[in-house]
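Quantities reported herein were computed from a predicted structural model and do not represent experimental measurements.
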Amino acid sequence: MIEINLLPTGEKRRPASRAGGALRVPALKVPGDPYMVGLGGVGLLLLLGLGFAYWTVDTRMAEARARLDKAVDDSTRFASTIQLVETLKARQDTIQRKIDVIRSVDEQRYVWPHVMDEIARAVPPYTWLTKVAAVEEKAPAAP
């Protein structure tokens, strides 16, 4: 086999050994304006930031939908109970109003018999009264 050295220095080219030395990687040369490369990097970061924002908003929307679905399920499940409670509250209010009316009548029930008894004791025997009326006492005028 014939070897031809094409290197201008006249040295032989040796293959890089993987065990003993470091592997050389040639530096990448970026063609074009370095400002455009920086602008491309900023654009890439902006695109990644927008993707992250979309992902977080989508995650929050999914959580909000799950909470809303749970609330709707609870609302439909408890609708009959809520209606029953409202009906019971209305009945309770009606009963309370009836009790208040009965109490107001009951408070005044014994007033007139006692008044008539006191009048009968104060009036001499065989005296006839034709009219008995209640007169409310007016507050004295302020000076």
Side-chain angles (χ1 to χ4, degrees), residues 3-9 11-143:
E3 281 188 36
I4 301 175
N5 186 5
L6 298 177
L7 293 175
T9 60
E11 297 178 7
K12 288 188 176 181
R13 185 172 181 182
R14 297 182 205 153
S17 69
R18 294 182 188 240
L23 181 62
R24 285 186 168 181
V25 177
L28 295 175
K29 290 187 179 180
V30 179
D33 191 13
Y35 294 114
M36 292 302 285
V37 172
L39 185 63
V42 169
L44 180 64
L45 286 175
L46 181 65
L47 185 65
L48 288 173
L50 287 174
F52 179 73
Y54 176 77
W55 177 70
T56 56
V57 167
D58 190 43
T59 303
R60 288 181 185 171
M61 286 287 288
E63 291 172 358
R65 282 190 192 115
R67 286 195 311 262
L68 179 65
D69 290 342
K70 184 180 179 195
V72 168
D73 290 343
D74 288 345
S75 176
T76 55
R77 186 176 54 190
F78 294 127
S80 62
T81 306
I82 291 170
Q83 185 179 9
L84 178 64
V85 167
E86 289 174 355
T87 305
L88 291 176
K89 282 183 181 180
R91 289 176 72 190
Q92 183 181 12
D93 291 342
T94 304
I95 291 170
Q96 187 63 40
R97 277 185 268 140
K98 289 179 181 180
I99 289 173
D100 291 341
V101 168
I102 291 170
R103 280 189 182 145
S104 68
V105 168
D106 188 44
E107 287 174 356
Q108 297 177 1
R109 181 171 65 165
Y110 293 110
V111 172
W112 281 105
H114 289 296
V115 169
M116 296 304 279
D117 190 35
E118 291 297 323
I119 291 174
R121 284 190 204 143
V123 175
Y126 303 109
T127 304
W128 290 78
L129 297 176
T130 57
K131 183 177 180 184
V132 177
V135 178
E136 292 185 21
E137 187 177 323
K138 292 184 180 180

If you draw a 6.0 Å radius around CZ in R91, do more than 12 non-hydrogen atoms from other residues or ligands fall strictly inside?
-> no

CD (Q92) and CD1 (I95) are apart, to the nearest 0.5 Å, by 7.5 Å

Roughly how far, to the nearest 0.5 Å, is CG of D93 from NZ of K98?
-> 12.5 Å

side-chain contact (heavy atoms from CB on, under 4.5 Å), paired with F52, selected from T56, L50, L48 | T56

Out of curiosity, L68 CG to M61 CE, how far, rounded to the nearest 0.5 Å?
-> 10.0 Å

Atom pairs and distances, side-chain donor-acceptor, residues 120-128, under 3.5 Å, sequence neighbours left out:
residue	atom	partner	partner atom	Å
R121	NH1	E118	OE2	3.2
R121	NH2	D117	OD2	2.8
T127	OG1	P124	O	2.8

OH (Y54) and OG1 (T59) are apart, to the nearest 0.5 Å, by 10.0 Å

Should K70 and D73 count as an ion pair when the cut-off is N to O under 4.0 Å?
-> no

Would you say the side chain of V57 lies within less than 4.5 Å of the side chain of R60, judging by non-hydrogen atoms?
-> no

Would you please test D74 and R77 for salt bridge (charged side-chain N to carboxylate O under 4.0 Å, His left out) and show each step?
-> CA-CA 5 Å; D74 288 345; R77 186 176 54 190; 2.8 Å; yes

Keeping the roles fixed (side chain from T87, backbone from Q83), state whether a donor-acceptor pair exists under 3.5 Å.
-> yes

If you measure from OG1 on T94 to CD1 on I99, what distance do you get to the nearest 0.5 Å?
-> 11.0 Å

